[in-house]
Amino acid sequence: MELAILSGKGGTGKTTIATALSELENNVIRVDCDVDAPNFYLFYNGIDICQEDFYGGKKAEIDSTQCIRCGKCESVCRFEAIREYEINPYFCEGCGACTLVCPENAITLLDEKVADAYITQIDEGVISRAQMAVGSDGSGKLITQLRKNGKGYSHKDTMTIIDASPGIGCPVISSITGCDAVLVVTEPTQSGLKDLERVVKLCRHFGVLTMVCVNKCDINEKLTQTIEAFIQKQAISLVGRIPYDDTVMQSINELTPITKYKESEAYKAIFKMWKALKIVLHDKINII
């Protein structure tokens, strides 16, 4: 069972909620698919039990001993990655055009390491995560690998909770493809509403069961009502309304899941949401 936590924009509280839900579930695998800015693991003291290099693309390399300095490679490169018969790896897109025009076969495409992928053992379960190199691409492929790595530690009764990237780009698509359900975290702001509309459209396109929770729902009651009207019109389950709570900021500063603050209003609302979410999953997927 895979549940992805999404948000149309950053800062809505997606990781806070993903962390809380993973604490409330007894048997869970955590996967941090926000690979461009991972922070799921920060809430846990863990030990890396597995590390592997991830190669997500290719870069061209010129063998100076074979190069005759004809300049054909530079003229054909559309990314301006070749200057003075040398390749700038930050500009090279690995398209291979230069290898096709080189008369001496002096240019080759080499696999590029873009990230380190980890399995981190924590007190309860594991986290599948990665650390990308600065300026690297291929995040979609990396996310697919992280989900695969996490499945290696799951079994029939395991819940996998995915902390996805914000937005609707390639990393999000890789995070939700094949998922059983998604929970979209939104907030009552104009950008929160517009981005929610885009995420819902994306999830509909992929046919994924979609639920929504409104975080910080009391900072703008009028917009919250507008969001709820949109959710109702789309026939989507609204599983939670979480009020603004300063304790959430305290939990982030202390890198402690909000579930540890039992008296906080945010925790109480998230716990209530988790019960509602489980009912929706049971009724519509009949897995849990």
Side-chain angles (χ1 to χ4, degrees), residues 3-22 24 33-34 36-37 39-40 161-169 171-173 175-176 179 181-253 257-259 261 263-281 283-284:
L3 172 67
I5 314 300
L6 309 183
S7 64
K9 60 181 288 294
T12 61
K14 171 177 58 63
T15 299
T16 295
I17 291 174
T19 304
L21 296 184
S22 67
L24 292 172
C33 290
D34 190 1
D36 293 298
N39 53 13
F40 206 177
I161 292 183
I162 296 170
D163 184 16
S165 300
I168 59 171
V172 176
I173 293 171
S175 298
I176 69 173
C179 265
V182 301
L183 172 66
V184 183
V185 182
T186 189
E187 63 182 11
T189 62
Q190 287 293 347
S191 59
L193 173 59
K194 294 301 180 183
D195 290 329
L196 171 64
E197 293 172 355
R198 296 194 303 163
V199 171
V200 167
K201 185 177 180 180
L202 177 72
C203 294
R204 279 273 169 82
H205 175 77
F206 285 95
V208 185
L209 171 63
T210 305
M211 298 166 285
V212 178
C213 77
V214 184
N215 194 23
K216 297 170 279 190
C217 62
D218 50 352
I219 64 173
N220 189 327
E221 288 289 354
K222 185 176 180 179
L223 261 177
T224 295
Q225 292 172 8
T226 302
I227 289 173
E228 291 178 352
F230 166 76
I231 294 170
Q232 185 176 13
K233 183 178 179 180
Q234 297 294 317
I236 297 172
S237 297
L238 175 65
V239 293
R241 297 174 91 255
I242 304 170
Y244 178 85
D245 187 348
D246 286 332
T247 310
V248 174
M249 186 58 66
Q250 179 184 349
S251 75
I252 294 172
N253 290 336
I258 188 64
T259 52
Y261 305 84
E263 299 304 314
S264 73
E265 294 302 316
Y267 164 73
K268 295 175 183 178
I270 291 173
F271 183 77
K272 182 178 179 181
M273 177 183 71
W274 182 234
K275 292 168 65 178
L277 186 151
K278 297 275 277 190
I279 291 173
V280 173
L281 293 177
D283 290 344
K284 294 191 177 183

Exercise for review: Please check if the side chain of D218 supplies one atom and the backbone of P243 the other of a donor-acceptor pair under 3.5 Å.
Suggested key: no
Review point. Side chains of L21 and L183: closer than 4.5 Å at any heavy-atom pair?
Key: yes
Study note, to complete from the structure: Applying side chain to side chain donor-acceptor pair (under 3.5 Å) to T189 and not counting sequence neighbours gives E187, S191
Exercise for review: Kindly indicate whether the side chain of R204, heavy atoms from C-beta on, has any atom under 4.5 Å from the side chain of I236.
Suggested key: yes
**Study point:** Under 3.5 Å donor-acceptor, N215 side chain and T12 backbone
**Key:** yes
Check your understanding: Does S7 use its side chain to pair, donor to acceptor, with the backbone of I5 at less than 3.5 Å?
Key -> no
Point to revise | Side-chain touch L6/C203, heavy atoms, less than 4.5 angstrom | key: yes
Point to revise | Beyond-backbone contact of I17 with M273, side-chain heavy atoms, under 4.5 angstrom | key: yes
Check your understanding: Tell me, do I279 and K275 make a side-chain contact under 4.5 Å, heavy atoms counted?
Key -> no
Check your understanding: Would you say T247 and Y267 make side-chain contact, with heavy atoms under 4.5 Å?
Key -> no
Practice item. Say whether, by atom type as modelled, one donor and one acceptor occur between the side chain of T224 and the main chain of P188 under 3.5 angstrom. Key: no
Check your understanding: Quick check: are there more than 12 heavy atoms from other residues, nucleotides or ligands sitting under 6.0 Å from CD of E221?
Key -> yes
Review point. With a 4.5 Å limit on heavy-atom distance, are the side chains of I270 and L24 in contact?
Key: yes
Practice item. Can you sort out the partners of N39 under side chain to side chain donor-acceptor pair (under 3.5 Å), two or more places apart, ordered by chain and number? Key: T15
Check your understanding: With a cut-off of 6.0 Å (strictly less than), are more than 12 heavy atoms of other residues, nucleotides or ligands near OH of Y261?
Key -> yes
Practice item. Check whether any side-chain heavy atom of V248 sits under 4.5 Å from a side-chain heavy atom of K216, and report yes or no. Key: no
**Study point:** Any residue meeting salt bridge (charged side-chain N to carboxylate O under 4.0 Å, His left out) with R198, in chain and number order, not counting sequence neighbours
**Key:** D195
